Every structure is written in structure tokens, then in C-alpha cells.
Amino acid sequence: QVQLVESGGGLVQAGGSLRLACAASGRTFTTYVTGWFRQAPGKEREFVAAISWDGSITYYADTVKGRFTISRDKAKSTVYLQMNSLKPEDTAVYYCATNYKDTYRDYDDYGNWGQGTQVTVSS
């Protein structure tokens, strides 16, 4: 398994930016997909973005496309989520996760999850 730790969350005003990081450690495989999901109070966990093992393929939810950017630093075993132009509706707990199924959007395909980091966007 891969152990994942998210960081970078916090409180920010609407229009501001945050960069989340997902650091991986433990026994890892070369080829895996890393995804970001978020969950707001009273809502289901939703897909945000995902990236292939080599960074060549990325996917974004329509709600964040053009504002968020996912990237991977293979040397540091870290995946980042740069979040710009934040909106109050982006408020949620953000989780990173990995899977080895070569899929991107399906929650059930991700087997390893971090503890989450809170992102709060004020009006």
C-alpha cells in the first residue's frame, strides 16, 4: 500500500489561491493514478481531478476546469493541486487517493486514501 498525507488546506477569501500537496510514502508501484476528491457537509464525495503515473494524462471535473491544475513531481513522490479563483462552493474536505486500475473518475477504483485537508473559502 501507499501511505498518503495531504497538506496545504486552510481558509482563503473568494478569488484567492491555495496549493494542496499529496505526499506518498511506503511501498509504491511505478504505475498508478492519483486523484483528488472533495466532500462538503451533507454531500457525497465528488471527483475533482486525477493524473496518470507519468503525468501525461489529466482529468478535471467541469466545475474546476480552468481554475485547478493537477501535477506530479515523481522525484518527490508528491502530487499537487493548484487551486486558483476559489469560490465558496469549493469549500470541502479534500482527499487524495491512488489506484492501480488505470481509471480516473470512479470513487470505487481508489483503494488508498489520505486523511483529508480542509479548504474553506469565504465570501
Side-chain angles (χ1 to χ4, degrees):
Q1 279 192 313
V2 178
Q3 286 73 53
L4 305 174
V5 178
E6 302 97 331
S7 62
L11 175 64
V12 64
Q13 291 184 333
S17 298
L18 287 172
R19 187 180 70 167
L20 307 183
C22 174
S25 62
R27 187 163 59 249
T28 62
F29 295 100
T30 300
T31 56
Y32 59 87
V33 172
T34 302
W36 285 96
F37 293 77
R38 66 187 183 186
Q39 187 166 23
K43 296 186 177 181
E44 295 183 346
R45 191 168 299 185
E46 65 174 346
F47 170 80
V48 176
I51 188 168
S52 62
W53 69 274
D54 62 354
S56 64
I57 301 172
T58 59
Y59 288 91
Y60 297 93
D62 289 340
T63 52
V64 306
K65 188 174 295 183
R67 299 188 297 121
F68 292 9
T69 302
I70 189 170
S71 61
R72 184 190 294 276
D73 186 334
K74 290 185 288 184
K76 296 182 178 180
S77 298
T78 300
V79 171
Y80 299 95
L81 184 68
Q82 178 67 44
M83 306 186 295
N84 298 325
S85 301
L86 283 163
K87 305 174 181 179
E89 47 264 48
D90 294 318
T91 296
V93 177
Y94 283 70
Y95 300 88
C96 67
T98 59
N99 81 71
Y100 302 96
K101 299 176 183 286
D102 287 333
T103 63
Y104 292 88
R105 292 178 173 269
D106 194 341
Y107 170 88
D108 292 329
D109 288 339
Y110 290 82
N112 300 305
W113 294 83
Q115 84 286 354
T117 185
Q118 176 71 49
V119 172
T120 302
V121 184
S122 63
S123 300

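A quick note: this is a predicted structure, and the numbers were derived from the prediction, not measured.
- Ring centroid separation for the pair Trp113 and Tyr107 comes in under the 6.0 Å cut-off.
- For the pair Leu20/Tyr95, no side-chain contact is recorded, criterion being any heavy-atom separation below 4.5 Å from C-beta on.
- Contact between Gly35 and Tyr110 at its shortest, heavy atoms only, is N-CE2, 3.5 Å.
- The CD1 atom of Ile51 sits 12.5 Å away from the SG atom of Cys96 when rounded to the nearest 0.5 Å.
- Note that CZ of Arg72 and OG1 of Thr58 are 11.5 Å apart. Values are rounded to the nearest 0.5 Å.
- In this structure, the side chain of Glu6 engages the main chain of Gly116 through a donor-acceptor pair within 3.5 Å.
- Looking at heavy atoms from C-beta onward, Arg67 lies out of side-chain contact with Met83 at the 4.5 angstrom threshold.
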Discussion item. Test ring-ring contact (aromatic ring centres under 6.0 Å, His included) on Phe47 and Tyr59; report intermediate values, then the result.
Written reply: CA-CA 10 Å; Phe47 170 80; Tyr59 288 91; 7.6 Å; no
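- A continuous path of Ile, Leu, Val, Met, Phe, Trp and Tyr side chains, each step under 4.5 Å between heavy atoms, connects Tyr60 with Trp36, placing both in one hydrophobic cluster.
- Atoms CG and OG1, on Asp90 and Thr120 in that order, are 11.0 Å from each other to the nearest 0.5 Å.
- Ser17 approaches Gln82 most closely through the heavy-atom pair CB-NE2, 4.0 Å.
- Shown here for Asn99 and Asp102, the closest heavy-atom pair between the two residues is OD1-N, 3.5 Å.
- For the pair Asp106 and Lys101, the salt-bridge criterion is not met [side-chain N within less than 4.0 Å of a carboxylate O].
- Taking a 6.0 Å sphere around CD of Glu89, one finds it holds more than 12 heavy atoms contributed by other residues, nucleotides or ligands.
- Shortest non-hydrogen contact noted between Thr34 and Ile70 is O-CD1, 4.0 Å.
- With Arg19 contributing its side chain and Gly8 its backbone, the two residues share no donor-acceptor pair below 3.5 Å.
- The residue from Thr63, Leu18, Leu86 that alone fulfils the side chain to side chain contact (heavy atoms under 4.5 Å, CB included) condition with Phe68 is Leu86.
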Discussion item. Apply side chain to side chain contact (heavy atoms under 4.5 Å, CB included) to residues Val64 and Arg38 and explain how you reach the verdict.
Written reply: CA-CA 12 Å; Val64 306; Arg38 66 187 183 186; 4.0 Å; yes
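- Put simply, the side chain of Gln118 reaches to within 4.5 Å of the side chain of Thr91, judged on heavy atoms.
- Summarising the geometry of Val2 relative to Ala24, their closest heavy-atom pair is CG1-CB, 3.5 Å, with the distance given to 0.1 Å.
- Val33 and Phe37 fall within the same hydrophobic cluster, defined by Ile, Leu, Val, Met, Phe, Trp and Tyr side-chain heavy atoms under 4.5 Å apart, directly or through other members.
- Rounding to the nearest 0.5 Å gives a distance of 11.0 Å between OH of Tyr32 and CH2 of Trp53.
- Rounded to the nearest 0.5 angstrom, Thr98 OG1 and Gln3 CD are separated by 9.5 Å.
- Between Ala49 and Leu81 the shortest heavy-atom distance is CB-CD1, 4.2 Å.
- Residues Tyr94 and Tyr104 do not share a hydrophobic cluster, clusters being chains of Ile/Leu/Val/Met/Phe/Trp/Tyr side chains in contact below 4.5 Å.
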